[in-house]
Peer 1: 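First the structure, which I've put down as structure tokens, then a few questions once you've had a look.
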Amino acid sequence: MQFHLDGFCPGDPRIADPEAAVSKPGPPTPLPEEVDVLVVGSGPTGLTVAAQLVAFPDLTVCVAEAKPGPLQLGQADGIACRTMEMFQAFGFAAAVMEEAYWVNETVFWGPDPDDPSGIRRNDRIPDVEDGLSEMPHVILNQARVHDHYLQVMANAEHPLTPVYRRRFVDLDLPANDDDPVVARFERLDEGREGTIEAVRARYVIGCDGARSRVRTAIGRELVGDAANQAWGVMDVLAVTDFPDVRYKAVVHSADEGSLLIIPREGGYLARLYIELDKLAEGERVANRDLTVDHLIDAAGRILAPYRLDVREVAWWSVYEIGQRLCDRFDDVPASAVGTRHPRVFIAGDACHTHSPKAGQGMNVSMQDGFNLAWKLAAVLRGRSAPLLLDTYSAERHAVAEELIEFDREFAAMFSAASKTAEHELGRGSDEDAPAVDPAVFQRHFQQQGRYTAGVATRYGPSLLTAEAPAQHRATGFVVGTRFHSGPVIRLADAKPMQLGHTVEADGRWRLFVFGDRADPTASDSALNRLCHRLLTNDDSPLRRYTPASADIDAVLDVRAVLQQSHHDVNIGDLPPLLRPTKGRYGLIDYQKVFCPDLVKGPDVFDLRSVDREAGAVVIVRPDQHVATVTDLGDLEAIADFFNPFMLDVR
Ligand code: FAD
């Protein structure tokens, strides 16, 4: 898709009318007086939470936002492979892939040794290691990501739109857990400015960005290096003879600083990140009176001798970034953990901030939201005990800590690499500056590829990521990491597809039963016996946790992966659990069983190192992370995993 040729246009490029293309705030609505979940802020974090919660029409949700309407421009734009996997679960990955720029290769430029006033390309590398994910790394305006979430919310059984022009002021935490949290908002809409409204909520989530007032209201603060690094960023339509303007390009000049080029969706637009000076203690970048012309001039100097003729600046910003983190992401004091469950949470930039160099901010923030929202839904809907909510802060704080550590190192290397370039050419003015060879920076960039793709996250042992009794049966599905998809063929209709795409953002758990070598239709095969026990055994988690009126897969969704070819198994001979009857007409669900692609390959059993003799059961959380791995014959281990936090609904 090509667009923005005659100037940047916000909104959906598939819609010609610029007015109709952009998301609108909708008619003004009052804040509800009472809800199950109140989300403060409609950035990517708040919208991820909301898009997940609208999957449950029995929950009431409100999103309150200070801005007058949906975001149209700017801010983050990098979408990691892992985030695309999540978008797949929300149903809009295909639309994003069609519209976005795909980062397939990254190029590295440094000073030209023959002419140090110029630059030359040192290397090019694949941006994402082969096999890391079935999804690409893409670039798309944050506003368009918001649009997709807003559409998911609008399409829900109970459509949800953020209530704009409401600024969160403060909240009261009740002493009694059964009483609601009371949050107060100031109206910002014309004619009502200053009016205070109150919302009573069972849970409040502060997704209100780096200057979060929800964070302040629960007495938490961001701790770390204050905003010490100034950055300039601009989205431009430009004419240049720099040959790699459509590649993600890291450019270290000899003595004019560094630049990151991120080509953007539509084929013409590009984002340039320009590292500006380090700020002095307490200094704000706003006080430096930087203009867009400063940024354009700086970019031109770094790219010299190539020409950069900027024809339009769609968006620009200078901002300061520090690496800062909250000690906990909820309202429970460390001394009360385990005795009290959280009522107020903070997520995204509200609890961690860092540099944009590795494009992690929006991605990690959205994963915070994904981690939290299904847990809230499970507790509110009486499926799980509230202790589930304690895991949010524990899991996501560890991820944020790692991110800050990573970012500190990455950012320091980025700056040091250009300083080294100066030193090597005998031009460095700062003799004490740390020296890092740009080639070392490049190696570091490559080694960290898994991390920046978002697939390195591994939740530590907990209630939800148990010590796996049979991890050795499926070593490619590591407990705590996200379920790494693989190609399969659906048995009933020979559709080639990704196994991971069966995990939708619907709050359900998945039990992937990888069959043993025996004939799966034989009643004594391990797969057949497990399915029978899951369906009929009184202690089966399926029997205990599925409401009598619901479909058998409403809470725990069992899917089988066979070793045999899809031509060799008759679906009608498989256990009833793998062809369940559902819905008001009792129709058969034919989408529960998959086979390897034995002709084109790769075979998912080999790809993910699943034991062919014994098979394995891989239990996957609603947010796509592997919870545990058990043997097919070990129904007790499956029950033991769920029992501590699921509620018996029989
Ligand atoms: P945000 O996106 O900040 O969303 C918070 C939302 O809460 C906002 O809509 C805000 O209006 C609302 N809000 C705040 N206070 C209140 C209140 N009291 N009451 C009600 N609503 C409130 N990242 C990059 O990777 N690259 C970039 O170039 C980049 N540029 C950025 C430029 C700017 C100006 C900003 C603010 C951020 C930028 N970021 C960038 C960071 C990136 O956008 C964030 O990491 C990401 O958006 C985090 O999402 P979030 O939802 O947690 O917070």
Side-chain angles (χ1 to χ4, degrees), residues 25 31 38-51 62-80 83 139-143 145-146 149-150 162-171 183-188 197 199 204-217 222 227 230-235 260 262 264 271-275 285-286 295 315-322 324 326 329 345-370 372 396 400 403 407 411 452:
L31 280 175
L38 170 65
V39 181
V40 183
S42 70
T45 312
L47 293 177
T48 306
V49 172
C62 169
V63 182
E65 166 61 53
K67 286 191 181 127
L71 187 73
Q72 304 295 348
L73 278 174
Q75 302 201 7
D77 56 5
I79 302 174
T83 304
I139 306 290
L140 184 67
N141 186 349
Q142 180 174 333
V145 172
H146 289 199
Y149 275 129
L150 291 167
V163 181
Y164 294 99
R165 299 180 197 269
R166 297 296 194 285
R167 183 189 290 135
F168 171 87
V169 182
D170 60 11
L171 58 76
R184 275 175 292 277
F185 288 85
E186 180 191 350
R187 291 189 72 142
L188 304 174
E197 289 174 319
V199 182
V204 175
I205 313 177
C207 306
D208 49 343
R211 301 203 178 137
S212 170
R213 285 201 189 184
V214 177
R215 182 182 68 225
T216 314
L222 285 174
W231 273 84
V233 50
M234 54 183 180
D235 290 338
L260 193 60
I262 309 282
R264 292 282 300 267
R271 169 166 288 195
L272 307 184
Y273 280 109
I274 302 136
E275 191 173 15
V285 70
L295 301 189
W315 175 80
W316 72 280
S317 173
V318 284
Y319 61 106
E320 60 267 283
I321 287 288
R324 299 192 294 161
C326 262
F329 295 177
F345 305 85
I346 45 177
D349 276 13
C351 39
H352 44 74
T353 64
H354 43 82
S355 83
K357 285 188 185 96
Q360 294 298 296
M362 176 166 70
N363 293 286
V364 175
S365 297
M366 288 189 284
Q367 294 295 339
D368 286 351
F370 198 30
L372 176 59
R396 296 308 298 174
L403 171 60
D407 188 59
T452 48

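Atoms within each ligand, like the ligands themselves, are counted from 1 in listed order. Below, each value reflects all heavy atoms present in this structure, side chains not excepted, and no hydrogens, waters or symmetry copies.
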Peer 1: May I ask you to list the atoms of ligand 1 that are less than 4.0 angstrom from any heavy atom of Gly348?
Peer 2: 52 (O)
Peer 1: Should Arg211 be listed as contacting ligand 1, given a heavy-atom distance under 4.0 Å as the test?
Peer 2: no
Peer 1: Please say whether Arg271 places an N or O atom under 3.5 Å from an N or O atom belonging to ligand 1.
Peer 2: yes
Peer 1: Please find the pair of heavy atoms, one from Leu171 and one from Ala183, that lie closest to each other, and give the distance.
Peer 2: CB-CA, 4.0 Å
Peer 1: Output all residues satisfying side-chain contact (heavy atoms from CB on, under 4.5 Å) with Ser365, sequence neighbours left out; order by chain, then residue number.
Peer 2: Thr45, Asp349, His352
Peer 1: Nearest non-hydrogen atom to atom 32 (C) of ligand 1 belongs to which of Glu65, Gln360, Gln75?
Peer 2: Gln75
Peer 1: Can Val364 and Arg396 be said to form a side chain to side chain contact (heavy atoms under 4.5 Å, CB included), step by step?
Peer 2: CA-CA 9 Å; Val364 175; Arg396 296 308 298 174; 3.6 Å; yes
Peer 1: With side chains defined as the heavy atoms from C-beta onward, is the minimum distance between Val40 and Phe185 less than 4.5 Å?
Peer 2: yes
Peer 1: What is the nearest protein non-hydrogen atom to atom 52 (O) of ligand 1, stated with its residue, atom name and distance?
Peer 2: Thr45 OG1, 2.7 Å
Peer 1: Val318 and Leu295: side chain to side chain contact (heavy atoms under 4.5 Å, CB included), yes or no, with the steps?
Peer 2: CA-CA 9 Å; Val318 284; Leu295 301 189; 4.0 Å; yes
Peer 1: Please state which option from Ser42, Pro68, Ala76 has its nearest heavy atom closest to atom 40 (C) of ligand 1.
Peer 2: Ala76
Peer 1: Can you give me the closest heavy-atom contact between Asp235 and Arg271, atom names plus distance?
Peer 2: OD1-NE, 2.7 Å
Peer 1: Any idea which of Ala217, Gly209, Pro44 brings a heavy atom closest to atom 2 (O) of ligand 1?
Peer 2: Pro44
Peer 1: Using a heavy-atom cut-off of under 4.0 Å, does the side chain or the backbone of Gln142 touch ligand 1, or both, or neither?
Peer 2: side chain
Peer 1: Within the structure, is a non-hydrogen atom of Ser365 found at a distance of less than 4.0 Å from ligand 1?
Peer 2: yes
Peer 1: Identify which of Asp208, Asp368, Thr216 has a heavy atom lying nearest to atom 16 (C) of ligand 1.
Peer 2: Asp208
Peer 1: Which value, rounded to the nearest 0.5 Å, describes the distance between Met362 atom CE and Gln360 atom CD?
Peer 2: 10.5 Å
Peer 1: Among all protein heavy atoms, pick the one closest to atom 18 (N) of ligand 1 and tell me residue, atom and distance.
Peer 2: Phe168 O, 3.4 Å
Peer 1: Taking the side chain as C-beta and beyond, is there a heavy-atom pair between Pro162 and Leu150 under 4.5 Å?
Peer 2: yes
Peer 1: Is there a side-chain contact between Tyr164 and Leu188, using heavy atoms and a 4.5 Å cut-off?
Peer 2: no
Peer 1: So do Ser42 and His146 actually touch side chain to side chain, heavy atoms under 4.5 Å?
Peer 2: no
Peer 1: Short list, please: which atoms of ligand 1 are under 4.0 Å from a heavy atom of Arg166?
Peer 2: 19 (N), 20 (C)
Peer 1: Hey, which atoms in ligand 1 end up nearer than 4.0 Å to a heavy atom of Cys207?
Peer 2: 5 (C), 6 (C), 7 (O)
Peer 1: Short question: side chain of Asp208, backbone of Arg213 - any donor-acceptor pair under 3.5 Å?
Peer 2: yes
Peer 1: Indicate, as side chain, backbone, both or neither, the part of Tyr273 found under 4.0 angstrom from ligand 1 when only non-hydrogen atoms are considered.
Peer 2: side chain
Peer 1: Please could you name the atoms of ligand 1 that Met362 approaches to less than 4.0 Å, counting only its heavy atoms?
Peer 2: 45 (O)
Peer 1: Looking only at protein heavy atoms, which one is nearest to atom 29 (C) of ligand 1, and what is the separation?
Peer 2: Tyr319 OH, 3.3 Å
Peer 1: Would you check if the side chain of Asp407 reaches a backbone N or O of His354 as a donor-acceptor pair within less than 3.5 Å?
Peer 2: no
Peer 1: Given side chain to side chain contact (heavy atoms under 4.5 Å, CB included), test Arg166 with Glu65 step by step and report yes or no.
Peer 2: CA-CA 5 Å; Arg166 297 296 194 285; Glu65 166 61 53; over 6 Å; no
Peer 1: In terms of atom number and element, which parts of ligand 1 are under 4.0 angstrom from non-hydrogen atoms of Gly43?
Peer 2: 2 (O), 4 (O), 6 (C), 9 (O), 51 (O)
Peer 1: Can you tell me the protein heavy atom closest to atom 21 (N) of ligand 1 and the distance?
Peer 2: Ala66 N, 3.1 Å
Peer 1: Between Val63, Val40, Asp349, Thr48, which one has a non-hydrogen atom sitting closest to atom 41 (C) of ligand 1?
Peer 2: Asp349
Peer 1: Under 4.0 angstrom from ligand 1, any heavy atom of Met366?
Peer 2: no
Peer 1: Can you name the atoms of ligand 1, numbered from 1 with element, that are less than 4.0 Å from a heavy atom of Gly361?
Peer 2: 45 (O)
Peer 1: Within a distance under 4.0 Å of any heavy atom of Gly41, pick out the atoms of ligand 1 and give their elements.
Peer 2: 6 (C), 7 (O), 12 (C)
